[in-house]
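Shown next, in structure tokens, is the structure this report addresses.
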Amino acid sequence: MIPDWGCTTFFTQGEYPLDEKQLEILTRRGVNIEHTRITRVIGDGENINSVVLADGSERKLEGLYVAPKISAKNPIVDALNCEFEETTLGEIIKVNELKQTSVANVYAAGDMSNPMQNGTFAVNSGVIAGISMHQSLMFG
């Protein structure tokens with residue numbers, strides 16, 4: 001969607017290799033690919049003007065979108081010893097289609113178990129987990 005708004009560069013930070021299909025799609029959309037790490041963001045605190053790369057070069061920007069890594073790890077999940085699953089966006093709790101974790105009678109929903117963070121997906125996930133928990137209480 002972002003290439004529809006103007007000139008776009010995808011900064012892989014040297015950590016996100018693109019497969020042939022991804023590269024073909026991005027190239028066809030006119031996206032520039034930059035593998036060199038960003039070391040500094042230059043701006044006035046409200047507006048971003050450019051980024052400096054590890055090789056010392058500078059790229060002028062009008063905007064910068066980031067995709068942070070997520071992590072469902074926390075003391076409760078650690079104490080329960082739930083299994084995790086690595087996704088392109090980070091670690092989530094591994095669940096089956098009914099939102100059951102690797103630990104009996106423990107369910108996970110929403111951002112804890114969804115690789116895509118979205119309110120609608122979180123609500124759907126919570127409904128599935130709630131129905132599954134209710135069924136487990138009724139039928140064992």
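Side chains included, hydrogens not; waters and symmetry mates left out as well; all remaining heavy atoms used. We number each residue from 1, following the sequence as shown.
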Verdict with reasoning, Asp19 to Leu23, per side-chain contact (heavy atoms from CB on, under 4.5 Å): CA-CA 6 Å; Asp19 63 34; Leu23 185 58; over 6 Å; no
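- Transitive grouping of hydrophobic side chains (ILVMFWY, heavy atoms separated by less than 4.5 Å) keeps Ile128 and Met133 in distinct clusters.
- Residues passing the side chain to side chain contact (heavy atoms under 4.5 Å, CB included) test with Arg59 are Phe11, Glu34, Val51, Leu53, Ser57, sequence neighbours excluded.
- Here the rule is side-chain contact (heavy atoms from CB on, under 4.5 Å) with Phe121, and of Val123, Asn118, Asn124 only Asn118 fits it.
- Considering every non-hydrogen atom in both Asn32 and Cys7, the closest pair reads ND2-SG, 4.0 Å.
- A donor-acceptor pair is defined here as one N or O able to donate and one able to accept, closer than 3.5 Å; such a pair exists between the side chain of Ser132 and the backbone of Leu98.
- For the atom pair CG (Asn49) and CG (Asn47), the distance works out to 7.0 Å, reported to the nearest 0.5 Å.
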Check step by step if side-chain contact (heavy atoms from CB on, under 4.5 Å) holds for Trp5 and Met1. CA-CA 8 Å; Trp5 301 337; Met1 179 172 69; 3.9 Å; yes
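- Sorted by first then second residue, the side chain to side chain donor-acceptor pair (under 3.5 Å) pairs that include residues 93-103, not counting sequence neighbours, are Lys99-Ser113, Lys99-Asn114, Lys99-Ser125, Gln100-Tyr107.
- The existence of a salt bridge linking Asp4 and Arg29 is confirmed by a sub-4.0 Å separation between a basic side-chain nitrogen and an acidic carboxylate oxygen.
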Just do the side-chain contact (heavy atoms from CB on, under 4.5 Å) check on Leu80 and Val77 with the steps written out, would you? CA-CA 5 Å; Leu80 291 168; Val77 174; 5.7 Å; no
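- Contact check on Lys69 versus Glu91 returns no salt bridge, with no Lys/Arg side-chain nitrogen under 4.0 Å from an Asp/Glu carboxylate oxygen.
- Using a 4.5 Å cut-off on side-chain heavy atoms (C-beta onward), Phe10 and Leu26 make contact.
- The main-chain N or O of Gly6 is found under 3.5 Å from a side-chain atom of Thr8 such that the two form a donor-acceptor pair.
- Between Leu89 atom CG and Ile70 atom CD1 the span is 5.5 Å, to the nearest 0.5 Å.
- For the pair Arg28 and Ile25, the minimum side-chain heavy-atom distance is below 4.5 Å.
- In the hydrophobic cluster analysis, where Ile, Leu, Val, Met, Phe, Trp and Tyr join through side-chain heavy atoms closer than 4.5 angstrom, Met112 is grouped together with Phe84.
- The structure places CD of Gln117 at 8.5 Å from CD1 of Ile92, a figure rounded to the nearest 0.5 Å.
- Counting only heavy atoms from C-beta outward, the side chains of Ile33 and Leu18 approach each other to under 4.5 Å.
- Contact check for Ile42 versus Val52: side-chain heavy atoms found under the 4.5 Å cut-off.
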Where do Val95 and Cys82 land on the side-chain contact (heavy atoms from CB on, under 4.5 Å) test, with the steps shown first? CA-CA 9 Å; Val95 294; Cys82 294; over 6 Å; no
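- With a 6.0 Å radius and a threshold of 12 heavy atoms from other residues, nucleotides or ligands, Glu85 has its CD atom above the threshold.
- Atom CD of Glu86 is surrounded by more than 12 heavy atoms from other residues, nucleotides or ligands within 6.0 Å.
- At a threshold of 4.5 Å between non-hydrogen side-chain atoms, the residues Val41 and Ser50 do not count as touching.
- Counting heavy-atom neighbours within 6.0 Å of Leu137 CG, excluding the residue itself, gives a total above 12.
- Across all non-hydrogen atoms, the minimal contact from Thr36 to Gln13 is O-OE1, 4.0 Å.
- Val106 and Ile93 are members of different hydrophobic clusters when ILVMFWY side chains are connected at heavy-atom separations under 4.5 Å.
- Shown here for Thr87 and Pro115, the closest heavy-atom pair between the two residues is CG2-CB, 3.7 Å.
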